[in-house]
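Any value given below was found using the heavy atoms of this structure, including those in side chains, with hydrogens, waters and symmetry copies removed. Here the structure is a predicted model, which is why all the values come from computation and not from measurement. Residue numbering restarts at 1 for every chain, and letters A, B, ... go by the order of the sequence lines.
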Amino acid sequence: MILFRASVNAMNNSLETLNDPQRQAVETIDGAVLVIAGAGSGKTRVLTERIAHIVRDHGVSPFNVLAFTFTNKAAREMKGRIERACPGIFDLLWVGTFHSTGVRILRRHGERIGVGRDFSIYDSDDSLNLVKGIISRSIMDGRVVKSPRALRDRISRFKNELITPQMAAEEASNNVDTRIASMYAEYEKELRRANALDFDDLIGRVVELFSIDEDARLNYARRFKYILVDEFQDTNPIQMAMIDALASYHGNLFVVGDDDQSIYSWRGAKVEHILDFEHVYPKTTLIRLEQNYRSTKTILEAANHVIAHNVGRKSKTLWTDGAQGENIKLLVSMDEEGEAVNVIQAVREHIGAGVSLKEIAILYRTNAQSRAIEDVLKMSSIPYQIIGSVRFYERMEVRDILAYCKVLVNPADTVNLKRIINVPKRGIGKTTFERLDMVALDRDKSIIDVLRSDGGGISSAAASRCRSFLEVFARLEARVASEVAPRAIEFIVEELKYYEYLNQNYPDSEGRIENVEELISAAHSFAESAENKSLAAFLEEIALVADVDALDLESGQLTLMTLHNAKGLEFECVFITGIEEGLFPHFNSIDDEAAVEEERRLFYVGMTRSKMHLYLSMAGMRRRMGQIDGSVPSRFLYEVPEHCLDAPIERRFRGGDSRESAGAGSLWNQWGDSGASTAQAHPDYESFSQEIQGYQVGMRIRHDNYGSGVVRRVEGSGEQTRVTVIFDRGDERKFLAQFAPMRPL
DNA sequence: TGGTAGAGGCTTTTT
DNA sequence: GCCTCTACCA
């Protein structure tokens, strides 16, 4: 995995090659500017040219410019391009994500609101551990939350919508909400005690700082004469509050977005920020970029047609001068294995036709779908990279070492101390740790402090084990403070005899050791380029890397990733897999019109990633959580105009009279002409008989007693067929299909 | 305290 | 189907 790498794309920086609205977007530098930029309309280019223009042609110091991007990778690329247009500004210009910008501000001014200089950054896994501790400590009368995960997400949602624990408590209308509010308060308290900030705090506490400390706000608001925001449709209220504060002095705020590409409302993003922008910032200049430079006419027409099904949008239509291009291809396979084989087969054809692997991407709705494809890829000789399935920094061995690093930098970090105090095994168990934690809480000290003073009054056996941990820790501490990050990590691994520990405890230790070595080499490459090479600086760098940041488009590999991760990217050839009801649109969205619209936007994002070749792929049945479910083609497929497809949908799915033979109306009759050979070899015809019963996942039904609903799962076959239905009124029930007074609608 | 086995839940999407 | 948590025993 390559973690730190600058892009080497060359680009033409002359303003003459911009079209009229693009040039207007570059040159209108004063006041508020809202750019509605369709997919592939040259938005990135406008952003970079605009910054170059401000600095080069208006003599503004790059010190006075701030730009927000959606990923660190986008930030790096943008900086690279600007540096090429006007060399020497690199160190002065601030370009980054909301999170990394927040960290920068908090490292400087956080102490004014009680954020210690050496704060830890808790990623979602750290947050989850913190939440688990809180749940297990709280006295529960019945189950208040579905899962620790659910509580963590709920808290995150509160924070992103600027709701404090107090507000949550006041708004709580029932017992459950009250309990949740108090656990939220507890969570905040624990974070402070650990001198840690979670992802949301990196923005939220900046907002807090700016609202409390006028001096700090003015310091930044005066400095940033020009502020730019990319992917504006995906900003949430807390980010908007940060933008508003930063723009509060000069008001030269430039935002670019596309309401049709808003795909993050589930994490609090509000398209309303686009729709309301002109009211919040009066005298806004509105610019539309509607000429697409990326895709063929066919792809654009199909995408436009699909997105037109959404009602709540600012109407716009992308157009292109480009070629008509070939039709969109449909791949129909029996199951996910067959789908993988068919997709890879098509990939091979494109390689054969001279398409470079780095220009091909396979996209899917959920990470779980990558597995089947990867299995087939492993058997082929095609090099590939998967973005985001098993994340490097989430591997157990990597987390262990990083947890040591985090505690060494910030000894108050309880969550990570808990992780390492017994790694390698020292006989310090849960009971001991909890007792120490209680004592620490009582004395308002860190656990390390307690151990160092009197050991917290734990039993002598446990105390001596803790002393051995303290000795190791002290040796590490003495060494690590003065070392650069890679040496520090090497020293930790050595001192712990960590490889021996892995060898003794894990049969797959070889791969784990490789991962630790990869971490060390990441630290080395960090130290080569970074100014501050300390362990703390390294931790900060990697805390904020997203999966897409690791994406290497120059490596000549095939890329697999979720549709969400594909935002902002483009490829010659794109496969969108799993175009099935219940998967895409996802089942959790299927009965909520607003949610379906977001899924549709996601589909639109996927389609518009493609420059030339676009494939839509589906499987007739699919394994979901161990069950095999039959599937129905996604409604989105029928929203693609027929003449844009390589074969009429009718003939492929609806041919013949469905009563004539059981399989005629389904996906199954496609095995012959486009199913893979593995698909035919598959012995499981269970779903075939589901056809006889006439129920399929995603289908709407009516039940005489319960009203209408949607089929969620079909299990068994023939007389044994059981159908799980979620009814519109909210409850879920399971029936034997042959007896239930129920029929498809 | 640590190890194991069985149960249960889980998957939407991410900085 | 896989991962994580819990219960129980050594």
Side-chain angles (χ1 to χ4, degrees), chain A residues 68-75 96-103 121-125 127-129 132 135-136 143 146-150 152-153 156-157 159-160 197-204 231 234-236 238-239 262-269 336 363-372 375 387-391 393-394 396 421-422 425-434 459 461-462 465 505 542-549 561-567 578 582-590 592 595-596 598-599 601-603 605-606 622-628:
Chain A
F68 289 110
T69 58
F70 199 70
T71 63
N72 294 298
K73 178 181 150 60
T97 61
F98 286 100
H99 295 89
S100 62
T101 304
V103 171
I121 298 172
Y122 276 7
D123 61 23
S124 27
D125 196 56
S127 296
L128 188 63
N129 284 329
K132 281 176 188 164
I135 292 177
S136 71
R143 220 155 68 133
K146 217 172 90 209
S147 65
R149 218 168 274 266
R152 178 198 61 188
D153 293 347
S156 173
R157 196 63 191 261
K159 290 183 157 195
N160 279 309
L197 301 187
D198 67 16
F199 277 147
D200 305 318
D201 286 337
L202 299 180
I203 302 162
E231 307 285 6
D234 287 322
T235 52
N236 60 34
I238 207 162
Q239 293 165 335
S262 153
I263 54 175
Y264 282 95
S265 75
W266 51 273
R267 83 177 194 208
E336 69 256 51
L363 310 180
Y364 34 79
R365 177 70 235 281
T366 65
N367 281 305
Q369 287 167 257
S370 68
R371 198 192 176 89
D375 285 346
I387 306 304
S389 57
V390 187
R391 296 163 198 197
Y393 290 108
E394 281 171 20
M396 172 230 120
I421 197 163
N422 200 30
K425 303 253 181 300
R426 306 187 173 89
I428 306 173
K430 216 170 121 190
T431 330
T432 309
F433 187 85
E434 266 160 24
S459 77
R465 294 187 198 118
N505 291 281
I542 62 176
L544 299 173
V545 298
D547 295 313
V548 262
D549 294 336
M561 64 187 141
T562 62
L563 286 142
H564 282 89
N565 268 324
K567 188 173 80 158
L583 188 58
F584 196 18
H586 194 272
F587 203 92
N588 294 353
S589 306
I590 227 160
D592 173 357
V596 169
E598 177 144 319
E599 298 275 317
R601 290 193 292 270
L602 190 57
F603 186 48
V605 167
R622 199 175 282 276
R623 215 175 273 281
R624 280 166 66 96
M625 288 190 254
Q627 301 265 0
I628 292 174

Checklist entry - Taking CD from E336(A) and C1' from dG1(C), how many angstroms apart are they, rounded to a whole number? => result 11 Å
Tabulated below should be each protein N or O lying under 3.5 Å from an N or O of nucleotides 2-5 of chain C; please produce it.
unit_1 : atom_1 : unit_2  : atom_2 : d
dC5(C) : OP1    : K132(A) : NZ     : 2.4

Checklist entry - Closest heavy-atom contact between N72(A) and L544(A)? => result ND2-O, 2.8 Å
Checklist entry - According to a strict under-4.0 Å criterion, is S589(A) in side-chain N/O contact with OP1 or OP2 of dT12(B)? => result no
Checklist entry - Using the P atom in both, what is the distance from dT4(C) to dT13(B), to the nearest Å? => result 15 Å
Checklist entry - Whole Å only: how far is the CG atom of N588(A) from the P atom of dT12(B)? => result 4 Å
Item to check | Among dG1(C), dG2(B), dT12(B), the nucleotide that comes nearest once only the side chain of K425(A) is considered | outcome: dG2(B)
Item to check | Exam field: side chain Q369(A) to backbone T366(A), donor-acceptor pair closer than 3.5 Å | outcome: yes
Item to check | L583(A) backbone acceptor or donor facing R365(A) side chain under 3.5 Å | outcome: no
Checklist entry - Could you walk me through whether E231(A) and F68(A) pass the side-chain contact (heavy atoms from CB on, under 4.5 Å) check? => result CA-CA 9 Å; E231(A) 307 285 6; F68(A) 289 110; over 6 Å; no
Checklist entry - Would H586(A) pass as stacked on dT12(B), i.e. its ring centre under 5.5 Å from the base's six-membered ring centre and planes under 30° apart? => result yes
Checklist outcome for this item: When rounded to whole Å, the CG to C1' distance for the pair L128(A) and dC10(B) reads 13 Å
Checklist entry - Between dT1(B), dT12(B), dT15(B), which nucleotide has the shortest distance from any of its atoms to the side chain of R465(A)? => result dT1(B)
Checklist entry - With a non-hydrogen cut-off below 4.0 angstrom, is N422(A) in contact with a base, only sugar-phosphate, or nothing? => result sugar-phosphate
Next on the checklist: Tell me whether the side-chain N/O atoms of T71(A) come closer than 4.0 Å to OP1 or OP2 in dT15(B).
Outcome noted: no
Checklist outcome for this item: To the nearest angstrom, the CG-P distance between L602(A) and dT14(B) comes to 10 Å
Item to check | Distance, rounded to the nearest Å, where L202(A) contributes CG and dT14(B) contributes C1' | outcome: 14 Å
Checklist entry - If you look at every strand shown and take non-hydrogen atoms under 4.0 Å, does E599(A) touch a base, only sugar-phosphate, or nothing? => result base
Item to check | Atom-to-atom span, CD1 of I590(A) to P of dT13(B) - whole angstrom | outcome: 16 Å
Checklist entry - With sugar-phosphate meaning primed atoms plus P, OP1 and OP2, does S100(A) contact a base, only sugar-phosphate, or nothing at under 4.0 Å between heavy atoms? => result nothing
Item to check | Check: Q239(A) side chain, N236(A) main-chain N or O, donor-acceptor pair, under 3.5 Å | outcome: yes
Checklist entry - In whole angstroms, how far is the C1' atom of dT15(B) from the NZ atom of K567(A)? => result 11 Å
Next on the checklist: Keeping D200(A) on the side-chain end and N160(A) on the backbone end, is there a donor-acceptor pair under 3.5 Å?
Outcome noted: no
Item to check | Nearest-Å distance for atom pair CD/C1', residues Q369(A) and dT13(B) | outcome: 11 Å
Item to check | N/O donor-acceptor pair under 3.5 Å between D201(A) side chain and G204(A) backbone | outcome: no
Item to check | N367(A) side-chain proximity, nearest of dG1(C), dT13(B), dT15(B) | outcome: dT13(B)
Checklist entry - Going by ring centres under 5.5 Å and near-parallel planes (under 30°), is W266(A) stacked on dT12(B)? => result no
Checklist entry - Hey, does the side chain of D234(A) reach the backbone of I263(A) with a donor-acceptor pair shorter than 3.5 angstrom? => result yes
Item to check | Listed nucleotide nearest any side-chain atom of T431(A), set dT1(B), dG2(B), dT12(B) | outcome: dT1(B)
Checklist outcome for this item: By nearest-nucleotide position on DNA chain B, the 5'-leaning member of A368(A) and Y264(A) is A368(A)
Checklist entry - Checking all strands, does F587(A) fall into the base, sugar-phosphate, or nothing category for heavy-atom contacts under 4.0 angstrom? => result nothing
